[in-house]
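All heavy atoms count here, side chains included; hydrogens, waters and symmetry mates do not. Note that the structure is predicted; figures quoted are calculated from it, not measured.
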Amino acid sequence: MRSLIATVVLAGLLGTAATAQDGGQDLNQAASDPTASLTAYVFQDFYTSRYHGLDDADGNRLQFRLAIPYTLGSTNNIFRLTLPYVTSSPGDSEGWSDATVFNLTTFDRSWGRFGLGAVALLPVGDDDLTTDRWGLGPAAGFIAQANWGIWGLFNQNIIDMGGDGDRDPVNVSVLQPIFSVTLNDGWSIGSSDMSFTYDWEQDEFVSIPVGLQLSKLVTFGTTPVQLGLSYEYNFYDDGNGPEDIWGFTVKVLSP
């Protein structure tokens with residue numbers, strides 16, 4: 001699967017850049033904006049080539065994400081569903097992991113957008129890959145537009161709502177910085193999906209990643225598709241968490 005997605009990405013990088021518009025926002029910029037009014041079908045492959053504290057171990061996770069904008073009354077909203085599937089891991093576990101759903105009500109401003117909403121953790125994963133705990137909490141963020149691209153910050157908070165009493169509670173806060181520099185011919189460079197995760201049960205950050213993603217917006221027929229290659233390094237080394245993560249993304253857009 002990794003080689004298939006990589007082949008699609010590399011082939012797309014040779015394709016034709018898309019030039020459509022999303023409201024007054026260039027589509028190349030909107031494709032990297034999580035608050036843009038774009039329906040997106042996102043297929044990702046994250047390959048961990050090295051883990052902290054483990055020799056000769058690797059892992060791989062596929063992820064599907066669906067983002068749907070909609071209006072409710074006079075408000076603009078974005079609904080997002082994320083479904084991860086682990087294809088390999090150091091512990092030999094394979095299968096579905098827990099899903100998350102996210103809803104954000106967005107508000108347009110002259111400088112960009114901000115949003116308020118909620119995120120939920122759904123314990124639907126397979127036995128070895130689920131937390132077996134329900135979670136719900138607030139989410140907020142903003143995206144500012146500039147001539148060179150976009151920048152912003154998102155915060156999601158999952159508060160434990162109960163579940164299997166033999167499993168540890170899930171109480172985490174996630175900070176995701178976002179920036180993307182728009183280049184010529186559909187190219188852009190910016191932050192990866194890096195998310196700084198603070199575990200309130202452990203009273204410390206348990207994920208401290210820094211990464212970049214190179215993207216190209218192309219068209220297949222009349223369909224705009226953003227293709228991306230990313231690398232991420234996780235500085236949190238207390239335990240056996242991921243160290244080097246490589247990402248391959250295919251984002252099919254419907255303006």
Side-chain angles (χ1 to χ4, degrees), residues 1-13 31-32 34 40-67 80-102 119 121-122 124-126 128-131 154 156 158 170 172 174-180 188-197 199 205-216 225-237 239-253:
M1 180 61 71
R2 290 199 303 273
S3 60
L4 174 60
I5 293 180
T7 300
V8 172
V9 171
L10 292 174
L13 294 180
S32 300
Y41 307 89
V42 186
F43 305 90
Q44 295 175 295
D45 185 5
F46 295 105
Y47 173 61
T48 301
S49 60
R50 186 166 54 178
Y51 286 83
H52 290 290
L54 297 177
D55 295 329
D56 300 323
D58 63 357
N60 194 76
R61 171 172 53 93
L62 300 177
Q63 182 167 282
F64 171 70
R65 177 172 288 168
L66 171 65
R80 191 173 75 184
L81 167 68
T82 302
L83 292 170
Y85 187 89
V86 176
T87 60
S88 65
S89 66
D92 295 327
S93 296
E94 298 180 9
W96 294 103
S97 186
D98 291 343
T100 57
V101 293
F102 172 88
V119 59
L121 173 67
L122 309 180
V124 297
D126 293 330
D128 294 337
L129 296 168
T130 180
T131 62
F154 274 81
Q156 301 179 56
I158 296 176
V170 178
V172 297
V174 180
L175 292 172
Q176 183 183 12
I178 297 172
F179 76 90
S180 178
S188 60
I189 188 170
S191 55
S192 66
D193 284 0
M194 59 186 187
S195 297
F196 296 82
T197 303
D199 189 320
F205 279 95
V206 295
S207 179
I208 310 174
V210 174
L212 288 174
Q213 176 164 295
L214 178 66
S215 301
K216 170 84 168 176
V225 178
Q226 188 187 57
L227 307 166
L229 300 172
S230 66
Y231 168 75
E232 202 169 275
Y233 182 83
N234 181 16
F235 286 92
Y236 180 78
D237 60 1
N240 301 129
E243 184 172 358
D244 295 298
I245 306 103
W246 305 84
F248 307 90
T249 298
V250 178
K251 183 185 294 185
V252 182
L253 304 171

- Is any side-chain heavy atom of Met194 closer than 4.5 Å to a side-chain heavy atom of Pro177? yes
- State the CD-CG distance between Gln44 and Leu62, to the nearest 0.5 angstrom. 10.0 Å
- Quick one: list whatever passes side-chain contact (heavy atoms from CB on, under 4.5 Å) with Ser207, sequence neighbours left out. Thr197, Pro209, Asn234
- When rounded to the nearest 0.5 angstrom, what distance separates CG in Asp237 from CD1 in Ile208? 8.5 Å
- Item | Polar side-chain atom of Ser191 near backbone of Phe179 as donor-acceptor pair, under 3.5 Å | yes
- Task: Decide if the gap between the ring center of Phe64 and the ring center of Phe43 is smaller than 6.0 angstrom.
- Result: yes
- Message: Side chains of Tyr47 and Asp58: any donor to acceptor distance under 3.5 Å?
- Response: yes
- Begin with the C-alpha distance, continue with both residues' side-chain angles, and end with the deciding distance and a verdict on side chain to side chain donor-acceptor pair (under 3.5 Å) for Ser88 and Glu94. CA-CA 6 Å; Ser88 65; Glu94 298 180 9; over 6 Å; no
- Taking atom OG1 of Thr82 and atom CG of Leu121, what is their separation to the nearest 0.5 Å? 11.5 Å
- Message: Under a plain distance cut-off of 3.5 Å, with no hydrogens placed, do Ser49 and Trp246 share a side-chain donor-acceptor pair?
- Response: yes
- Item | Between CD on residue Gln63 and CG on residue Leu83, distance to nearest 0.5 Å | 8.5 Å
- Query: With sequence neighbours excluded, what pairs up with Tyr41 under the ring-ring contact (aromatic ring centres under 6.0 Å, His included) test?
  - Reply: none
- Could you point out which residue of Asp55, Asp56, Asp244 forms a salt bridge (Lys or Arg N to Asp or Glu O under 4.0 Å) with Arg50? Asp244
- Taking atom types as modelled and ignoring hydrogens, do the side chains of Asp98 and Thr130 form a donor-acceptor contact shorter than 3.5 angstrom? yes
- Message: For Phe235 together with Tyr233, are the ring centres under 6.0 Å from each other?
- Response: yes
- Query: Quick one: do the Ser192 and Glu232 side chains pair a donor with an acceptor below 3.5 Å?
  - Reply: yes
- Message: Counting C-beta onward and ignoring hydrogens, is there a side-chain heavy-atom pair between Leu66 and Val42 closer than 4.5 Å?
- Response: no
